Amino acid sequence: MAAFCFSRLAFRSLLTLGLAGAGFFATLPASAAPARIIILRHGEKQDAYRLCRVGNDRAKALAAHYLGKGAKDSLFPDGTAPAAILAVTLHTMELAAPAAATWSLPVVMYSALPEAHTSARKKLAKPAAATPSAPGPSAPGSATSATDAAPAAAPSAEAKPKKVARKPDKAARKAEFVQLVTTRTQQAVNDVMNDPRFAGRTVVMVWEHDHIADADLEAANPGQKVTLRQLLHLGTLPDVPASWPWATYDYFWIVDFAPDGKPVRFTMQRQVFDGAFASLPSNEWGAPNGLTAQTRCAL
């Protein structure tokens with residue numbers, strides 16, 4: 001099945017409609033909380049910038065079965081629509097877009113985009129090949145002896161420090177990206193819980209799994225709330241997992257709130273599909289998802 005994709009113009013328009021974060025709701029007064037927030041992870045990914053075919057099929061399946069207008073097993077009560085569909089990264093935006101389109105809604109982007117970069121390996125200049133000494137002409141069809149071949153040039157002294165520096169640079173980029181997603185997550189929750197247009201309605205948040213719930217990330221940031229689990233006070237409810245497993249893409253977290261914003265009910269629901277989407281991974285919470293290298297998805 002063809003992958004769901006965006007033209008550059010459509011992508012830019014979607015980001016513009018998403019208003020790139022907190023500014024969209026900044027001028028609104030605080031008021032009652034939404035009645036429900038539906039939280040889910042992005043689909044299976046190919047790399048840092050896009051979903052793989054399985055992830056794109058999941059996006060279409062979610063629109064048809066659970067999140068789209070007229071969905072077969074809609075998560076929205078009859079006669080109601082989502083008040084907003086939020087996303088934070090390219091992966092989450094790709095998953096949310098098909099469902100949002102059925103409601104003629106923009107995806108509200110709290111944009112945290114991975115930094116495009118050139119691999120350090122590609123930046124290194126290749127050493128020039130040494131020019132072999134001119135041997136006498138070889139007989140036709142004869143092989144050049146090992147002693148005739150020019151020795152490989154030694155790597156330049158400048159190349160080694162750059163090679164060593166690749167790992168710290170990568171770690172720094174990762175840390176910056178995690179911090180950006182943390183900031184956007186905090187902004188999104190503040191807006192969702194204080195926007196009067198959401199009072200008594202349902203908001204969908206398609207998010208990164210480590211910023212939904214991650215005990216290690218929370219422990220690494222003492223004194224601040226960095227996940228949806230912390231920011232929405234889900235720890236006050238029973239049976240809320242401390243972390244979202246890395247191989248689990250097929251669950252909803254459905255949270256119901258009192259008008260004062262206190263969470264009062266938590267439900268985990270597995271995504272189950274049939275028909276054209278019956279082959280999508282539907283593993284139990286924390287179990288292997290069955291993806292193989294042939295899917296070209298990140299494993």
Side-chain angles (χ1 to χ4, degrees), residues 33-45 51 55 58-59 61-63 65-68 71 73-77 80-89 91-96 99-100 107-108 110 112 181-182 184-193 198 200-218 225-258 261-273 280-287 289:
R36 171 173 288 183
I37 297 179
I38 298 171
I39 301 168
L40 65 157
R41 184 185 181 181
H42 59 74
E44 294 82 347
K45 59 188 178 183
L51 299 181
R58 185 175 297 281
L62 286 167
H65 282 255
Y66 292 107
L67 298 177
D73 300 304
S74 179
L75 297 183
F76 309 108
T80 68
I85 298 177
L86 280 57
V88 67
T89 58
H91 297 138
T92 60
M93 181 270 291
E94 272 195 277
L95 189 85
V107 176
V108 180
Y110 283 77
V181 179
T182 296
R184 295 292 185 251
T185 302
Q186 293 165 340
Q187 292 170 336
V189 170
N190 180 69
D191 292 342
V192 166
M193 301 306 289
F198 298 163
R201 300 184 67 190
T202 300
V203 174
V204 178
M205 299 184 73
V206 186
W207 232 248
E208 294 289 325
H209 80 286
D210 54 356
H211 280 80
I212 298 175
D214 187 324
D216 291 337
L217 180 63
E218 293 174 5
K225 296 176 181 178
V226 298
T227 63
L228 295 180
R229 187 182 191 278
Q230 288 179 310
L231 291 159
L232 295 172
H233 308 288
L234 303 188
T236 63
L237 299 176
D239 303 322
V240 178
S243 296
W244 190 293
W246 70 270
T248 298
Y249 293 88
D250 59 326
Y251 271 78
F252 299 105
W253 281 13
I254 303 172
V255 187
D256 294 326
F257 293 86
K262 179 181 178 181
V264 294
R265 184 182 179 194
F266 171 78
T267 305
M268 283 207 324
Q269 180 174 332
R270 186 156 59 105
Q271 301 167 14
V272 180
F273 303 108
L280 283 172
S282 184
N283 48 295
E284 294 289 345
W285 184 260
N289 56 32

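All values below were derived from every heavy atom in this structure, side-chain atoms included, with hydrogens, water molecules and symmetry-related copies excluded. Along the sequence shown, residues carry numbers from 1. The structure presented is a predicted model; accordingly, all values stated were derived computationally and were not measured.
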- [ ] Determine whether Leu234 and Val255 make a side-chain contact, defined as any pair of heavy atoms from C-beta on separated by less than 4.5 Å.
- [x] yes
Open item on the list: For Thr182, give me all partners under side-chain hydrogen bond (donor to acceptor under 3.5 Å, both in side chains), at least two apart in sequence or on another chain.
Closed with: His211
TODO: Answer whether the closest heavy-atom distance between the side chains of Phe198 and Asp191 falls below 4.5 Å.
DONE: no
TODO: Working to the nearest 0.5 Å, report the span between CD1 of Ile254 and CZ of Phe266.
DONE: 9.0 Å
Task: Contact summary for Ala33 and Gly261, nearest pair of heavy atoms - done: CB-CA, 3.6 Å
Task: Spatial distance of atom CZ (Arg58) from atom CG (Asp250) [nearest 0.5 Å] - done: 5.5 Å
Task: Contact summary for Ala213 and Pro241, nearest pair of heavy atoms - done: CB-O, 4.1 Å
Open item on the list: Rounded to the nearest 0.5 Å, what separates atom CZ in Arg184 from atom CD in Glu208?
Closed with: 14.0 Å
TODO: Walk me through it: do Leu62 and Leu95 pass the test side-chain contact (heavy atoms from CB on, under 4.5 Å)?
DONE: CA-CA 8 Å; Leu62 286 167; Leu95 189 85; 3.7 Å; yes
Task: Arg265 side chain near Leu237 side chain, heavy-atom distance below 4.5 Å - done: no
Open item on the list: Quick one, Thr202 and Ile38 - any side-chain contact, counting heavy atoms below 4.5 Å?
Closed with: yes
TODO: Classify the angle between the aromatic ring planes of Trp244 and Trp253 as parallel (below 30°), tilted (30 to 60°) or perpendicular (above 60°).
DONE: tilted
- [ ] Over all heavy atoms of both residues, which pair between Pro34 and Val192 is shortest? Give the atoms and the distance, please.
- [x] CD-O, 3.5 Å
TODO: Considering non-hydrogen atoms only, spot the tightest contact between Ala112 and Thr89 and give its length.
DONE: O-CG2, 3.4 Å
Open item on the list: Parallel, tilted or perpendicular, judged at 30° and 60°: which one describes the rings of His42 and His91?
Closed with: tilted
Open item on the list: Looking at every non-hydrogen atom in both residues, tell me the closest pair between Gln230 and Lys225 and how far apart they are.
Closed with: OE1-CA, 3.3 Å
Open item on the list: With rounding to the nearest 0.5 angstrom, report the CG to CZ distance, Asp256 to Arg36.
Closed with: 4.0 Å
Open item on the list: Using modelled atom types and a 3.5 Å cut-off, is there a donor and acceptor pairing between side-chain atoms of Tyr251 and backbone atoms of Ile39?
Closed with: no
TODO: Take Thr185 and Thr227 through the test side-chain contact (heavy atoms from CB on, under 4.5 Å) and record every step on the way to the result.
DONE: CA-CA 7 Å; Thr185 302; Thr227 63; over 6 Å; no
TODO: Specify the closest pair of heavy atoms between Pro263 and Thr236, including all atoms of both residues, with the distance to one decimal.
DONE: CG-OG1, 3.7 Å
TODO: Determine whether Trp246 and Asp210 make a side-chain contact, defined as any pair of heavy atoms from C-beta on separated by less than 4.5 Å.
DONE: no
Open item on the list: Please determine whether the number of non-hydrogen atoms from other residues, nucleotides or ligands lying under 6.0 Å from atom CZ of Arg270 exceeds 12.
Closed with: yes
TODO: Quick one: pull up OG in Ser282 and OH in Tyr249 and give me the separation to the nearest 0.5 Å.
DONE: 15.0 Å
- [ ] Could you check Gln269 against Leu75 for side-chain contact (heavy atoms from CB on, under 4.5 Å), going step by step and ending with a plain yes or no?
- [x] CA-CA 10 Å; Gln269 180 174 332; Leu75 297 183; 3.9 Å; yes
Task: Within 6.0 Å of CH2 in Trp285, more than 12 heavy atoms from elsewhere - done: yes
- [ ] Step by step, work out the side-chain contact (heavy atoms from CB on, under 4.5 Å) result for Glu44 and Asn289.
- [x] CA-CA 10 Å; Glu44 294 82 347; Asn289 56 32; 5.5 Å; no
Task: Beyond-backbone contact of Leu40 with Leu67, side-chain heavy atoms, under 4.5 angstrom - done: yes
Task: Residues in side-chain hydrogen bond (donor to acceptor under 3.5 Å, both in side chains) contact with Ser74, at least two apart in sequence or another chain - done: none
Open item on the list: For the residue pair Thr80 / Arg201, report whether a side-chain donor-acceptor contact shorter than 3.5 Å exists.
Closed with: no
Open item on the list: Let me confirm one number: the CZ-NE2 distance from Phe257 to His233, rounded to the nearest 0.5 Å.
Closed with: 9.0 Å
